[in-house]
Amino acid sequence: MKNKILGLIESAVQAVSGEEVAVELTRPDAQFGDFATNVALQLGKKQGKNPREVAQEIIDTIPKNDSIASAEIAGPGFINLTVTDKSLVSSVIHPGKFTAFKDQTVVAETNNPNPFKAMHIGHAFNAILADTTANLLEAGGADMHRVSYHGDVGLHVGKSMYSLLKFVGDDPKKLDSIKPSERNKFMSQMYADGSNAYTSDETAKKEIDALTVQSFTREDPLFAEVYDICKKWSFEQIDELVDKLGNKPTQKRYLESDADEIGVQTVKKHEGSVFINSDGALVFPGKKYGIFDNVFVTSTGRGLYGARDLGLMQLKQQDFKADKSYIVTAEEQKDYFRGVIKAAELCLPELNGVTQNISTGTVKLSTGKMSSRSGEVLDVQWLFDQIESAIRSRGAKPTAENIQGALRYQFLKVRVGSDVIFDVEQSVALEGNTGPYVQYAHARACSILTKGSAPQSFPETDLTDDERLLLRKISEYSEVTERAISELMPHLVCTYLYELAQEFNRFYEHNRVIDDKRQVVRLAIVNEYATTLK
RNA sequence: GCACCGGUAGCUCAGUGGAUUAGAGCACUUGUCUUCGGAACAAGGGGUCGUAGGUUCGAAUCCUACCCGGUGUACCA
């Protein structure tokens with residue numbers, strides 16, 4: 001509908017002014033109409049005319065049609081437009097398709113918790129945002145590929161393995177005493193202990209450094225056995241928890257150990273051209289590009305995460321030949337990724353413009369920042385427990401749908417990049433701007449629809465004010481979603497759905513559907529509402 | 001030091017050039033309802049949009065400076 005109205009206004013503007021002016025239609029308060037434009041103000045300024053007179057000329061020039069019911073001048077020269085009921089209804093039952101990513105192959109990492117550590121709330125936030133971004137891309141027509149990437153080598157593995165080897169002594173069977181449900185917590189504790197030892201104990205530090213090297217080579221049989229068991233545990237946990245978050249499955253799992261070699265080779269190949277040698281280390285001189293210098297390969301020849309991310313980009317490109325590749329990370333890594341992406345584009349010109357880094361804010365507790373090093377993390381299991389008990393305390397039964405609805409909405413309703421302040425009490429509250437409120441508003445509508453079935457086609461009729469308000473809100477779906485897709489901003493959808501649910505609840509409160517003389521029309525409206533919300 | 005992100009109601013956040021009252025939710029106050037699932041609806045109090053200048057017919061929104069908070073700044077991830 002918006003495009004149709006836009007077309008009408010644009011042709012009128014061109015006829016009046018003889019020039020191409022970009023017309024913008026906004027959604028004013030319902031009392032002012034369905035659309036508004038300030039084009040007469042812009043034109044008036046440009047041509048030195050009175051904006052209100054320009055507005056009147058534009059209105060007079062709009063061709064007769066069955067879409068616009070009225071056009072009025074307001075304030076200094078705004079034009080408020082009200083569409084006909086017929087046009088409104090038609091726009092609701094024939095929403096447009098989204099094409100922002102049509103014919104594009106897109107790959108996204110939709111989860112990336114590391115094995116040998118606990119999966120915490122930050123990982124959950126990241127995974128949910130990445131998965132939802134992938135949903136938007138898919139809705140925009142992309143050929144979507146979801147993958148994951150995990151750090152199975154490096155210092156954090158050395159730290160965990162230090163504690164794990166102490167725990168098992170020389171008998172890996174001791175690990176059997178840890179129950180599956182305790183493993184996430186256990187691994188978290190092992191990592192925290194190793195991490196503390198690393199900073200407080202010189203001898204431990206040396207051992208951990210040696211174990212870090214082992215994470216790449218795995219030549220000691222005992223190390224390899226414990227490593228394999230715990231890595232398997234970790235991925236079982238990760239897969240289970242990611243599924244529980246409501247993420248769609250990934251089709252390929254990448255590991256840092258896979259990406260390391262190809263990355264290191266690429267760096268070495270471009271020594272002198274892209275990377276510089278500094279005391280034996282291979283450094284990307286990011287400062288030249290306004291970022292910061294960063295070591296990709298150590299003076300001992302070991303690949304660091306920069307080299308591995310470079311290798312990963314190549315692996316993904318071999319597998320998918322994607323037009324775009326999305327990586328969602330915490331904002332701390334924003335500048336780091338600017339550097340890696342720049343380095344990748346210099347080494348591999350075919351990657352130009354492919355890799356996109358979306359940075360998230362931080363999940364914070366009202367009590368302070370979480371730190372995985374000191375062990376003060378809220379692991380994901382704890383979070384599920386909190387939400388489940390909150391749902392039970394309402395006398396309801398926790399289900400995958402209501403748990404995911406509550407959790408995902410909480411993380412997605414803020415603008416991408418904003419921090420999420422995780423207040424335990426508020427996060428599990430089920431009123432107000434929350435997932436459960438929206439789900440409830442859907443359930444109510446569905447309940448009505450079981451009591452009377454919606455007509456095949458929308459009846460021709462004039463609408464009451466309340467009916468019109470609800471339909472007007474439903475009609476915003478296309479333009480809101482289109483924007484959410486092109487800007488990859490899920491919160492726009494959340495905000496809209498909340499407003500839509502509010503509008504429905506207002507309607508519900510004041511208008512009967514079943515056994516009302518307007519039952520047929522109202523069932524049609526409720527049906528469109530439920531479909532849109534879902 | 002430099003770079004990036006942020007500062008909007010008591011709290012958590014939308015709004016990033018447009019108006020006639022700057023919006024929600026939570027919390028607080030007061031109502032509605034013997035309900036098509038009350039996890040509802042309605043009304044009210046509460047804001048010099050960090051500060052000071054500037055641009056503009058028009059600024060929370062753009063520019064400049066400053067203040068406050070967060071993050072990053074080479075062999076950790």
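Computed from heavy atoms alone, side chains included, the values below leave out hydrogens, waters and symmetry copies. Residue numbering restarts at 1 for every chain, and letters A, B, ... go by the order of the sequence lines. This structure is a prediction, so every number in the text was calculated from the model and none was measured.
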Of B:G38, B:A40, B:C75, the nucleotide closest to the side chain of A:Leu304 is B:C75
RNA chain B nearest-nucleotide lookup for A:Asp419 and A:Thr26: closer to the 5′ end is A:Asp419
Nearest-nucleotide check on RNA chain B, A:Lys451 vs A:Thr300; residue mapping nearer the 5' end is A:Lys451
Classify the nucleic acid contact of A:Leu41 as base, sugar-phosphate or nothing, counting any heavy atom under 4.0 Å across all strands shown.
-> base
Considering only heavy side-chain atoms of A:Val414, the closest of B:C76, B:U71, B:A14 is B:A14
Exercise for the section: Name the nucleic acid region contacted by A:Arg522, choosing base, sugar-phosphate or nothing; use a 4.0 angstrom heavy-atom cut-off, strictly under. Expected result: nothing
Self-check item: Side-chain N,O (A:Tyr498) to OP1/OP2 (B:A14) below 4.0 Å
Solution: no
- Between B:C41 and A:Tyr437, is there an OP1 or OP2 to side-chain N/O distance shorter than 4.0 Å? yes
Taking B:C41, B:C36, B:A40 as options, the one with an atom nearest any side-chain atom of A:Glu431 is B:A40
With a distance cut-off below 6.0 Å to the six-membered ring centre and an angular limit of 45° from the axis, does A:Arg27 pair with A:Phe35 as a cation-pi contact? yes
Out of B:G18, B:A24, B:U21, minimum distance to the side chain of A:Gln31 belongs to B:U21
query = Is there a donor and acceptor pair closer than 3.5 Å between the side chain of A:Tyr305 and the base of B:A77?
reply = yes
Partner of A:Arg472 under salt bridge (Lys or Arg N to Asp or Glu O under 4.0 Å), picked from A:Asp34, A:Asp466, A:Asp29, is A:Asp34
Worksheet item: Under 4.0 Å: is that the gap between some side-chain N or O of A:His491 and OP1 or OP2 of B:G15?
Response: yes
Margin query: When you measure from the side-chain N and O atoms of A:Arg415 to the phosphate of B:G6, is any distance below 4.0 Å, counting only OP1 and OP2?
Written below: no
Taking B:A19, B:A77, B:C36 as options, the one with an atom nearest any side-chain atom of A:Ile448 is B:C36
Among B:A14, B:A77, B:C75, the one nearest any side-chain atom of A:Asp279 is B:C75
From the candidates B:G38, B:G15, B:C76, the one with an atom nearest any side-chain atom of A:Tyr440 is B:G38
Does A:Arg506 reach a base, just sugar-phosphate, or nothing at all? Heavy atoms under 4.0 Å.
sugar-phosphate
Check: Does OP1 or OP2 of B:U12 have a side-chain N or O of A:Ser418 closer than 4.0 Å?
Finding: no
Separation of B:G58 atom C1' from A:Arg52 atom CZ, nearest Å, is 15 Å
message = Would you measure the distance from the C1' atom in B:C28 across to the matching atom in B:G46 and give it in whole Å?
response = 10 Å
Do A:Arg253 and A:Phe235 form a cation-pi contact, if we require the NZ or CZ to be under 6.0 Å from the six-membered ring centre and within 45 degrees of the ring's axis? yes
Side-chain contact check for A:Val283: nearest option of B:C5, B:A74, B:C76 is B:A74
Strictly under 6.0 Å, is that where the ring centroids of A:Tyr254 and A:Tyr149 end up? no
Checking B:G72, B:C76, B:G18 against the side chain of A:Glu332 (C-beta onward), the nearest is B:G72
Heavy atoms only, 4.0 Å cut-off, all strands: where does A:Gly151 land among base, sugar-phosphate and nothing? nothing
- Query: Reckon A:Ser447 has a side-chain N or O less than 4.0 Å from the OP1 or OP2 of B:G37?
  - Reply: yes
Given B:A40, is OP1 or OP2 found less than 4.0 Å from the side-chain N or O atoms of A:Arg444?
no
- So what does A:Ala74 touch, heavy atoms closer than 4.0 Å: a base, only the sugar-phosphate, or nothing? base
Return the stacking result for B:C75 and A:Phe296: yes when the ring centres lie under 5.5 Å apart and the planes under 30°, no otherwise.
no
- prompt: Is the ring centre of A:Phe296 less than 6.0 Å from the ring centre of A:Phe275?
  reply: yes
Exercise. Measure from NZ or CZ of A:Arg444 to the centre of the six-membered ring of A:Tyr508, then state whether that distance is under 6.0 Å and the direction lies within 45° of the axis.
Key: yes
- Item | side-chain N/O A:Lys287 vs B:A3 OP1/OP2, d < 4.0 Å | no
Side-chain contact check for A:Asn38: nearest option of B:A77, B:G18, B:G25 is B:G18
Determine: side-chain N/O of A:Gln333 to OP1/OP2 of B:U71, distance under 4.0 Å, yes or no.
-> no
Identify whether any heavy atom of A:Tyr336 sits under 4.0 Å from a base atom; if not, whether one sits that close to sugar-phosphate; answer base, sugar-phosphate or nothing. nothing
Practice item. Assign A:Gly75 to base, sugar-phosphate, or nothing according to its heavy-atom contacts below 4.0 angstrom with the strands shown. Key: base
Determine whether A:Leu449 and A:Val526 make a side-chain contact, defined as any pair of heavy atoms from C-beta on separated by less than 4.5 Å. yes
